[in-house]
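Notes follow the structure.
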Amino acid sequence: MSDAEWEAIWLSVKIAGSALGWILVPGIALAWLLARREFPGKALLDGILHLPLVLPPVVVGYLLLISLGRRGALGQWLDDWFGITLPFTWQGAAVAAGVMAFPLLVRAVRLSLEAVDRKLEAAASTLGAGRLRVFFTITLPLCVPGLLTGSVLAFARALSEFGATITFASNIPGETRTLPLALYSLLQMPGQEAAAARLSVISILIAMASLLVSEWLARMAKRRIQQRDG
């Protein structure tokens, strides 16, 4: 493998990990809100959160560009006050990948939260535990399998992101050229079929490993919860 291919793999892992890092806390918070609260506009919020799953990724990238670009409402504010510029940087690629992976994380955590027995939370509350303590000692540990599954799936989705990334962060070698973008670039050059096939196999192996790790972690967490309850 060439240095450029290793660089694309490392950059993909770094961007996917960063994407998961910034969506984890807001993903859990929104999943809890959707699972446990009824409020006006809940269906609308749920629809907005799932838009990246149904919109063309290029559209998501364009929306990020006009909102977080230097002349965008949020982008100009970030640039003026903090000197942060996201478009055409690996951080911007992490934002794009995170936005595309966000619905998978929220959905997995939400389903797990809805499966938690509310009687256990009520029992802890009657014993004097506050809401935060109940959440961190009862609710969150019980939804660990869903959290792990959602995290790994979100990581895998961020790792494979293409359309939003190339639109918002471009295809810059060493900066934003992740595995999918490197594969796309190789397909545009004659005589690079072997390298393209090699990156395709690596992408499949990483994706399969992510799914297997997700299943293994979920089973381990579920087994520990059952052992503790038993």
Side-chain angles (χ1 to χ4, degrees), residues 1-27 52-53 55-62 64-65 68 84-109 147-220:
M1 288 181 61
S2 66
D3 291 340
E5 291 169 354
W6 281 115
E7 185 179 63
I9 294 171
W10 161 243
L11 194 58
S12 296
V13 173
K14 181 174 76 168
I15 288 174
S18 300
L20 178 60
W22 81 258
I23 68 174
L24 195 57
V25 173
L53 292 180
L55 279 177
V58 175
V59 174
V60 176
Y62 173 71
L64 289 173
L65 195 60
L68 294 176
I84 297 175
T85 303
L86 291 175
F88 314 117
T89 64
W90 75 265
Q91 294 91 342
V95 170
V99 169
M100 296 301 298
F102 194 67
L104 294 176
L105 175 66
V106 172
R107 184 168 183 81
V109 177
L147 177 60
L148 291 175
T149 300
S151 297
V152 175
L153 290 178
F155 177 83
R157 179 65 184 86
L159 201 67
S160 64
E161 169 49 34
F162 176 82
T165 301
I166 198 171
T167 306
F168 182 59
S170 191
N171 184 11
I172 305 171
E175 182 69 26
T176 64
R177 181 170 289 178
T178 57
L179 262 175
L181 298 181
L183 178 58
Y184 172 79
S185 300
L186 288 172
L187 292 174
Q188 309 306 307
M189 297 183 289
Q192 296 297 324
E193 291 80 7
R198 189 161 52 243
L199 286 185
S200 297
V201 171
I202 292 172
S203 298
I204 293 171
L205 291 177
I206 292 175
M208 182 59 67
S210 298
L211 294 174
L212 292 176
V213 168
S214 171
E215 181 66 21
W216 179 75
L217 288 175
R219 288 185 178 183
M220 287 291 293

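Note that the structure is predicted; figures quoted are calculated from it, not measured. Count residues from 1 along the sequence.
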List the steps and the verdict of side-chain contact (heavy atoms from CB on, under 4.5 Å) for Arg198 and Val201.
CA-CA 5 Å; Arg198 189 161 52 243; Val201 171; 5.9 Å; no
Start with the C-alpha distance between Thr178 and Glu161, add both sets of side-chain angles, then the distance that settles side-chain contact (heavy atoms from CB on, under 4.5 Å), and finish with yes or no.
CA-CA 9 Å; Thr178 57; Glu161 169 49 34; over 6 Å; no
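When all heavy atoms of Ala154 and Ala101 are compared, the pair lying nearest together is O-CB, 3.3 Å. Residues Ser170 and Leu181 approach most closely at O-CD1, 3.6 Å, considering heavy atoms. Nearest heavy-atom pair across Thr167 and Gly61 is CG2-C, 3.7 Å. Across all non-hydrogen atoms, the minimal contact from Ala19 to Ala94 is CB-O, 3.3 Å. Closest non-hydrogen pair, Ala195 versus Glu5, comes out as CB-OE2, 3.3 Å.
At a threshold of 4.5 Å between non-hydrogen side-chain atoms, the residues Leu104 and Phe155 do not count as touching. Side-chain contact between Phe102 and Val106 is present, with heavy atoms from C-beta onward closer than 4.5 Å.
Side-chain atoms of Thr89 come within 3.5 Å of backbone atoms of Leu86 as a donor-acceptor pair (strictly under, hydrogens ignored). Although no hydrogens or angles enter the test, the distance criterion places no donor-acceptor pair under 3.5 Å between the side chain of Glu175 and the main chain of Arg177. A distance-only check finds a donor-acceptor pair linking the side chain of Ser12 to the backbone of Leu179 [under 3.5 Å]. Using modelled atom types, no side-chain atom of Trp90 and backbone atom of Lys14 make a donor-acceptor pair closer than 3.5 Å.
Pairs of residues two or more places apart, or lying in two chains, that qualify as ring pair (Phe, Tyr, Trp, His ring centres under 6.0 Å) and include a residue from residues 169-190 are Phe162-Tyr184.
Here the CG-CG distance, from Leu105 to Leu20, works out to 7.0 Å after rounding to the nearest 0.5 Å. Considering CG of Leu68 and CG of Leu65, their distance stands at 9.0 Å, rounded to 0.5 Å. Rounded to the nearest 0.5 angstrom, Met189 CE and Leu186 CG are separated by 4.5 Å. Here the straight-line distance linking atom CZ of Phe88 with atom CZ of Phe168 works out to 8.5 Å at 0.5 Å rounding. In this structure, CG in Leu147 is found 4.5 Å from OG in Ser151, a value given to the nearest 0.5 Å. The structure places CG of Leu199 at 10.0 Å from OG of Ser185, a figure rounded to the nearest 0.5 Å.
Listed by chain and residue number, Ala93, Thr165, Thr176 satisfy the side-chain contact (heavy atoms from CB on, under 4.5 Å) test with Ala169 (two or more places apart in sequence, or in another chain).
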